[in-house]
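So the structure is just underneath, and the comments pick up after that.
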Amino acid sequence: QVQLMESGGGLVQPGGSLSLSCAASGSTFSINPMAWYRQAPGKQRELVAAITSGGSTKYAHSVKGRFTISRDRAKTTVYLQMNSLKPEATAVYYCAAARSPLLPVGIHEYDYWGQGTQVTVSS
């Protein structure tokens, strides 16, 4: 089993920056792609960014150019640097990981999920 623990959420003003981290523990040898999803109140959980073991990345159109996903060399921690934050970024941010080496197409292909961390963008 794999456990994912997010950290770094909080309150930030519009235009500000925030960095999230997600550390994996347990059977980390089994995980390949990792990703960040977010869920705003009353909305579906949506992909923010994903990264493969090889470093290939994918971003939601709404965050491209402002958010950066990265991974440590051990490939057990994934980061999300969020710049130029907008109020619509307010959501619970979840870390996810998949066993398959291929970058998942949909949310159902991720095998492990963290508990989430709240990000609030407000003045």
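Hydrogens, waters and symmetry mates are skipped; everything else that's a heavy atom, side chains included, is used.
- Not a single donor-acceptor pair under 3.5 Å links the side chain of Q115 to the backbone N or O of E6.
- Note that the CG atom of D72 and the OG1 atom of T77 stand 4.0 Å from one another [nearest 0.5 Å].
- For the atom pair M34 CE and T76 OG1, the distance stands at 7.5 Å (nearest 0.5 Å).
- In this structure the side chain of T68 never reaches within 4.5 angstrom of the side chain of Y79, judged on heavy atoms.
- The structure places OG1 of T28 at 13.0 Å from CD of Q1, a figure rounded to the nearest 0.5 Å.
- Distance OG/S62 to NZ/K86: 8.0 Å, rounded to 0.5 Å.
- Taking OH of Y59 as the start and CD1 of I51 as the end, the distance is 7.0 Å to the nearest 0.5 Å.
- For the ring-ring contact (aromatic ring centres under 6.0 Å, His included) with Y37, the qualifying choice from Y94, Y110, Y93 is Y110, the only one to do so.
- Residues V12 and V63 share a hydrophobic cluster, clusters being chains of Ile/Leu/Val/Met/Phe/Trp/Tyr side chains in contact below 4.5 Å.
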Give the table of side-chain donor-acceptor pairs shorter than 3.5 Å for residues 116-123, with sequence neighbours excluded, one pair per line with atom names and distance.
unit_1 : atom_1 : unit_2 : atom_2 : d
T117   : OG1    : G9     : N      : 3.3
Q118   : NE2    : A91    : O      : 3.4
Q118   : NE2    : T120   : OG1    : 3.3

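- S84 approaches S17 most closely through the heavy-atom pair N-OG, 4.4 Å.
- Residue pairs that meet the side chain to side chain donor-acceptor pair (under 3.5 Å) test with at least one member in residues 40-54, sequence neighbours left out, are N32-S53, R38-E46, Q39-R45.
- Closest heavy-atom contact between A98 and E109: CB-O, 3.7 Å.
- A pairwise comparison of heavy atoms in A35 and L47 identifies CB-CD1, 4.0 Å as the closest pair.
- Summarising the geometry, atom NZ belonging to K58 is positioned 11.0 Å from atom CD1 belonging to I69; distances are rounded to the nearest 0.5 Å.
- Considering only heavy atoms from C-beta on, F67 stays 4.5 Å or farther from W36 through its side chain.
- Criterion: ILVMFWY side-chain heavy atoms under 4.5 Å apart, direct or through other members. Under it, I107 and V92 are part of a common hydrophobic cluster.
- A continuous path of Ile, Leu, Val, Met, Phe, Trp and Tyr side chains, each step under 4.5 Å between heavy atoms, connects V48 with Y112, placing both in one hydrophobic cluster.
- Contact of the W113 side chain with the C95 side chain is not registered, since no non-hydrogen atoms from C-beta on lie closer than 4.5 Å.
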